[in-house]
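Attaching a single structure in structure tokens format; questions to follow.
Keep in mind that what you see is a predicted model, and the values were worked out from it rather than measured.
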Amino acid sequence: MSAAWECVIGLEIHTRLQTQSKLFSGAANAFGAEPNSQACAVDLGLPGVLPVPNREAVAHAVRLATAIGADFARRSVFARKNYFYPDLPKGYQISQMALPVVGPGVVECALNDGTTVQVGVTRAHLEEDAGKSVHDLLDGFTAIDLNRAGTPLLEIVSEPDMRSAAQAVAYARHMHALVRWIGVCDGNMQEGSFRCDANVSIRPAGSETLGTRTEVKNLNSFRFLERAIEFEYTRQVELLEDGGTVTQETRLYDPEADETRAMRSKEEANDYRYFPDPDLPPVVVDERFVTAVVEAMPELQHVRRARFVNSLGVAPGDAAILTNDRATADWFEAAVAAGAPARLASTWLIGEVFGRLKRDELNLEHIPLTPERFAGLLLRIEDDTISGKIAKRVFEALWESGDTADEIIEREGLKQITDSGAIDSLVDEVIAANPSQVAEYRAGKTKLMGFLVGAAMKVSAGKANPAQLNAALKAKLDI
Amino acid sequence: MSLDKEEVRTIAHLARLSVEESRLEPIAAELSRVLEFVDRLNSVDTRDIEPMSNPVSSELVLREDVITETDEREQLQKPAPAVHEGYFTVPRVIE
């Protein structure tokens, strides 16, 4: 980015809420069904129907507000946003304008380079999604699927607090992890459960006033978000440096061409004529409801991450990986609860278990290895029953079977040799078998120690305690 | 506050209402009279009165999150002018 021009970015994030039914009707809120098989009379906006809001959608708003330290509005109002499009059968979208359900909050987001950015959340509001238009199914016609019509969304609007594409991506990733963590949204970007609109403007570095912004709509991957912002920034800088002006408009990002293009013409300029929806009295939520929702919430991601580091002694980098999603953090904590030393458990989980998951294309919820059996293995490393090297063999068997680590160690005779008499005789055997190497070592070629340890380890079939073996060999050779 | 002919044209377009050219002036005058009335209402001091967003004083009842509607596509598509393989179809629209 150029030093002369500062980029200013605000994001609107649409999250599809995880509910059984829609925001205002009892039709199913599930992705991928047969067209129009989940669109009822309310979703179609047939005459005489009345919308009734979904309690769980309101609960999700409470969860989001709590997670970002924002106010949850005890009283919020639904409004009609009026526009005409075939996939919006009522001619208006039920949304919120003047009194949104979630008030201002703030989140701190980490960037890959180790810096952080504070991003203000202006508001979040509940609204219904529109249906889907398919333009390429039938020649000369647009096909309409209203399954998505009425599905519940929380639109999260940020302050223009980001100054680079990297910061915008960091914020989007942060919110993506957050909504998944608190169970508000499944985060599936391919299915459109989490999509971003980016408001981008530029201004001379040091200026306090905002430039004219453009809005890039429907970015459904972090990469597209980054590319679209970078393209917009460069486009606007070139425009202004050539003496032109930026037009306030809505643009679409085309991944194929890696560019943004104007979407709506100016005379269609958005004028949504919002007004309170007469079908829906204000949503007033009592304290009991809010308290019950908040109390049932999981420990928040950043709180849990800090606890892993501060109370369990997990390395900060490992703690970040383990708290990437709740299933992983739960699995890890179950292993620790079963007695696994936390640091060892984090290393083994991230190294061995994740490696296997990747290799076998599985995830933690669908493997026979339980946190308890995993802990059983780590306990045998901790108490020196087996060495780290042998532990990998046991792990292999643990992964494939339902046996415990102790059963595998017993059956395959893998118990580490820690008896000093047994180790001494191993050492004697190796010294007797390798007279020339022993002589060279004693003559000063100390590098041969590694060779002799290796030879002894081989004789023990890998079972000798490495530290004891080292010490015993050194004692005999250095006489 | 009053409206001119062009504003009426824009509002009619946004509402997808077809208004004859000769009707634009009379409608502008009628709507302006309504707005004058609103101006008179606005002159009342309402500082300590909470804005009303709904004439019904009752609060909203929330619905439990359960699926109550089954697939009624066949019946719901009967009155539709055109359908194709489960889709509603309309003359092609591209933004």
Side-chain angles (χ1 to χ4, degrees), chain A residues 19-21 24-29 33-44 46 52-59 75 77-79 82-86 91 98-99 133-135 137-146 263-264 267 271 273 276-278 280-285 289, chain B residues 1 3 5-19 31 34-35 38 41 46 49-95:
Chain A
T19 58
Q20 297 301 310
S21 63
F24 296 111
S25 82
N29 170 29
E34 279 291 298
N36 293 306
S37 62
Q38 293 177 171
C40 71
V42 174
D43 308 324
L44 264 51
L46 295 186
V52 187
N54 184 334
R55 180 184 298 273
E56 186 61 15
V58 178
R75 181 174 179 276
V77 171
F78 283 109
N82 299 280
Y83 68 95
F84 287 100
Y85 204 71
L99 292 169
S133 296
V134 185
H135 302 293
L137 186 74
L138 259 180
D139 231 19
F141 292 90
T142 294
I144 313 286
D145 175 8
L146 295 174
M263 192 168 123
R264 289 187 183 126
E267 51 276 16
D271 182 352
R273 296 148 293 142
D277 191 326
L280 291 156
V283 190
V284 178
V285 173
F289 174 79
Chain B
M1 187 180 169
L3 289 177
K5 201 171 138 180
E6 286 316 308
E7 283 168 316
V8 173
R9 198 195 302 277
T10 305
I11 295 165
H13 173 68
L14 286 170
R16 297 297 187 275
L17 293 174
S18 152
V19 178
L31 286 177
V34 173
L35 290 174
V38 172
L41 289 179
T46 57
I49 298 168
E50 197 182 331
M52 181 182 76
S53 45
N54 197 291
V56 183
S57 62
S58 72
E59 289 161 5
L60 192 56
V61 176
L62 299 176
R63 178 175 56 81
E64 290 307 318
D65 181 26
V66 287
I67 298 170
T68 54
E69 306 303 312
T70 48
D71 179 6
E72 292 180 296
R73 184 173 77 188
E74 209 184 318
Q75 201 193 342
L76 291 173
Q77 288 194 331
K78 268 184 196 159
V83 296
H84 174 79
E85 290 176 358
Y87 290 92
F88 295 95
T89 57
V90 297
R92 187 165 194 164
V93 280
I94 285 277
E95 271 191 336

> Contact part of A:Q38 toward chain B, heavy-atom cut-off under 4.5 Å: side chain, backbone, both or neither?
Replying inline: neither
> Of all heavy-atom pairs between A:R75 and A:P282, which one has the smallest distance, and what is that distance?
Replying inline: NH2-CG, 3.5 Å
> Do you know which two heavy atoms are closest between A:H135 and B:V93, and how far apart they sit?
Replying inline: CE1-O, 2.6 Å
> How long is the span from the CD atom in A:E34 to the CG atom in A:D145, to the nearest 0.5 Å?
Replying inline: 9.5 Å
>> If we define contacts as heavy-atom pairs under 4.5 Å, which of B:T89, B:I11, B:T70, B:I67 has the most with chain A?
In response: B:I67
> Going by atom types alone, do A:T19 and A:N29 pair a side-chain donor with an acceptor below 3.5 Å?
Replying inline: yes
>> Can you list everything that forms a ring-ring contact (aromatic ring centres under 6.0 Å, His included) with A:F24? Sequence neighbours excluded, please.
In response: A:F78
>> What part of A:V42 gets within 4.5 angstrom of chain B, counting heavy atoms only: side chain, backbone, both, or neither?
In response: neither
>> To the nearest 0.5 Å, what is the distance between CG on A:L44 and CD1 on A:I144?
In response: 11.0 Å
> Hey, does the side chain of B:T10 reach the backbone of B:E6 with a donor-acceptor pair shorter than 3.5 angstrom?
Replying inline: yes
>> Between A:A143 and chain B, with a heavy-atom cut-off of 4.5 Å, which part of the residue counts as in contact: side chain, backbone, both or neither?
In response: both
>> Please output the residues of residues 74-84 of chain B in contact with chain A, using a heavy-atom cutoff of under 4.5 Å, in numerical order.
In response: B:L76, B:Q77, B:H84
>> So which residue, B:T68, B:V90, B:D71, ends up with the most heavy-atom pairs under 4.5 Å with chain A?
In response: B:V90
> So how far is it from B:L14 CG to A:F84 CZ, rounded to the nearest 0.5 Å?
Replying inline: 9.0 Å
> What residue in A:L138, A:N36, A:V58 has the most heavy-atom pairs under 4.5 Å with chain B?
Replying inline: A:N36
>> With a 4.5 angstrom heavy-atom cut-off, is it the side chain or the backbone of B:V66 that approaches chain A, or both, or neither?
In response: backbone
> Short question: side chain of B:R9, backbone of B:V19 - any donor-acceptor pair under 3.5 Å?
Replying inline: no
> Given that the side chain runs from C-beta out, which part of A:S133 has a heavy atom under 4.5 Å from chain B: side chain, backbone, both or neither?
Replying inline: neither
> Which pair of heavy atoms, one from A:V52 and one from B:R63, lies closest together, and at what distance?
Replying inline: O-NE, 3.0 Å
> Who among A:N82, A:T142, A:L137 has the most heavy-atom pairs with chain B under 4.5 Å?
Replying inline: A:T142
